[in-house]
Amino acid sequence: MSDGIRHSWDLTPREAIALQRELAGRVVLRALPRNFRILGASDIGYVKAGERLAAVMLTFSWPDLLPLEAVHAICPVRFPYIPGLLSFREIPPLIEAFEQLKKRPDVLLCDGQGIAHPRKFGLAAHLGLYLGLPTIGCAKKRLCGIHASPPNKKGCSVPLYLDREAVGSVYCSRDNVKPIFVSPGHLCDQKSAERLVARCLGRYRIPEPLRQAHLLATKLRLEISISSNG
DNA sequence: GCGACAG
DNA sequence: ATCTTGTCGC
C-alpha cells in the first residue's frame, strides 16, 4: 500500500476512460478451450450504504457444477458508480478474492457486461485481461447497444448490436422472463459464451453459478453489517 | 437540450 | 447495488 504505485482503479473518470480505450485493444476474442475442469463465478455485495464492497468468488467442477471452493474479500469503496466505469469500482475486491483461491478456475463468469460496453471494455473484459483468464459477462440489464426482442422461450436469443457490430446477445434464460445480456469478456467469443451460459441454467433466470455467488454475497453482507455495528 | 445509463 | 410489502402469475 505504500509502494507509491497508482493503481488503475484510483484514476479520475477521464483517465479511466482513456485507459479503457487503450486496454480494449488487448482483449482477445476466441473460442473457449474445448475441455476445461473448473468454472468460476463472482459477484459483489454492497455493505453499509456502500461504504465497503464484499466480493465473492466461487468455483465449480465442469461440467458437473459441483461446488469446489468459496472465498470472499472485503474492500473499501475507492471509486464511484458511473455507468461504463463499473470495473474500476468492483475490480479491487474481486482480485483480492480471486487471489485466495487455491485453484484458479479455467473460465470465470462475471456479473456485468463483457464487451457489450461503450468502449468494448466492460467488467468481464477488464477482469479477464487483468487475470489473464477467459471471462464471460452476464448482466441483468442492458448498458448499451440495440436489439430486437428475443422470443420468450428458454434458449432463444437475438444479437446485441453496438454501431453495426454484434457485441453480445440478449438471451432468454427461462420461459417468459426478462432476458439476460451475455457477452464475451476476454479469451472467449460469443458462441462459447452463450453455450457455457446455456449449460449453467437451472430453474432460475440467473445462471446457477452466478446465482449462488449472489446468494453468498447477500448472506455475507448481512453478517458483516451485524458484526461491525448494531 | 433531452434521455439513457452494468452494479 | 440497496431500501422494502404485498401481490400477480406460472
Side-chain angles (χ1 to χ4, degrees), chain A residues 9 13 16-17 20 23-24 27 41-57 72-95 97 108-129 135-147 152-154 160-163 167-186 193 197 201-207 210-211 213-226 228-230:
Chain A
W9 38 86
I17 288 173
Q20 288 182 323
L23 296 180
V27 169
S42 60
D43 187 40
I44 293 280
Y46 289 55
V47 184
K48 281 291 179 182
E51 296 174 351
R52 291 187 293 174
L53 306 178
V56 164
M57 191 78 63
H72 71 264
I74 312 294
C75 285
V77 170
R78 302 182 183 184
F79 200 90
Y81 170 68
I82 300 172
L85 299 180
L86 177 66
S87 63
F88 293 91
R89 178 176 175 82
E90 299 196 340
I91 265 189
L94 287 171
I95 290 172
L108 181 63
L109 263 179
C110 304
D111 182 23
Q113 313 288 352
I115 61 170
H117 176 279
R119 290 165 292 283
K120 299 184 66 177
F121 200 67
L123 172 65
H126 196 160
L127 192 55
L129 189 65
T135 50
I136 294 170
C138 186
K140 296 177 287 300
K141 295 178 187 173
R142 181 192 73 97
L143 171 61
C144 62
I146 59 175
H147 63 86
N152 295 308
K153 195 70 184 173
K154 182 176 183 177
L160 174 65
Y161 293 103
L162 192 54
D163 296 324
V167 293
S169 67
V170 186
Y171 191 100
C172 182
S173 54
R174 253 199 82 180
D175 286 2
N176 304 317
V177 296
K178 289 176 52 173
I180 57 178
F181 296 78
V182 179
S183 60
H186 182 48
V197 166
L201 293 178
R203 180 186 174 188
Y204 304 89
R205 180 168 86 114
I206 305 304
L210 275 182
R211 200 178 76 87
H214 188 274
L215 290 176
L216 226 176
T218 299
K219 177 183 175 186
L220 193 59
R221 187 175 66 74
L222 273 176
E223 294 175 352
I224 293 171
S225 55
I226 291 175
S228 68
N229 210 329

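Chain letters run A, B, ... following the sequence lines, proteins first and then strands; every chain starts at 1. Not measured: the values here are computed from a predicted model. For the numbers below, each heavy atom of this structure counts, side chains included, while hydrogens, waters and symmetry mates do not.
Without hydrogens or angle criteria, A:T135 side chain to A:H186 main chain gives a donor-acceptor distance under 3.5 Å. In this structure, the side chain of A:Q113 engages the main chain of A:K141 through a donor-acceptor pair within 3.5 Å.
Separation of atoms CG (A:N176) and CZ (A:R205) is listed at 13.0 Å; rounding is to 0.5 Å. Interatomic distance, A:D111 CG to A:K140 NZ, rounded to the nearest 0.5 Å: 3.5 Å.
A heavy-atom distance below 4.5 Å is not found between the side chains of A:S173 and A:V197. Using a 4.5 Å heavy-atom threshold, the side chains of A:P184 and A:I115 count as touching. In this structure, A:L201 and A:K154 have side chains that are in contact, with non-hydrogen atoms separated by less than 4.5 Å. With a 4.5 Å cut-off on side-chain heavy atoms, A:L53 and A:R78 do not count as touching.
To the nearest angstrom, C1' of C:dT2 lies 16 Å from CZ of A:R52. Rounded to a whole Å, the CG atom of A:N176 is 14 Å from the C1' atom of C:dC8. Atom pair A:E51:CD and C:dC3:P shows a separation of 13 Å (rounding to whole Å applied). Rounded to whole angstrom, the span from the CZ atom of A:R205 across to the P atom of C:dG9 amounts to 19 Å. Per the geometry, CG belonging to A:L53 stands 13 Å off P belonging to C:dA1, to the nearest Å.
Nearest heavy-atom pair across A:G84 and A:L143 is N-CD1, 4.3 Å.
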Pair pattern of DNA chain C in dot-bracket, where unpaired bases get dots and | marks partners in another strand, Watson-Crick or G-U under 3.5 angstrom: ..........
State the dot-bracket string of DNA chain B. Criteria: Watson-Crick or G-U wobble, both atom distances under 3.5 angstrom; notation: ( ) intrastrand, [ ] crossing earlier pairs, | interstrand, . unpaired. .......
Strictly under 4.0 angstrom, non-hydrogen atoms only: write out the protein contact profile of nucleotides 2-7 of chain B, one letter per nucleotide from the 5' end, B, S or -. --SBBB
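A:H126 comes within 4.0 angstrom of no nucleic acid atom, judged by non-hydrogen atoms across all strands.
For A:Y81 and A:E90, the side-chain atoms include no donor-acceptor pair closer than 3.5 Å.
Note on ring orientation: taking the six-membered ring where Trp is involved, the planes of A:F121 and A:H126 are tilted (angle from 30° to 60°).
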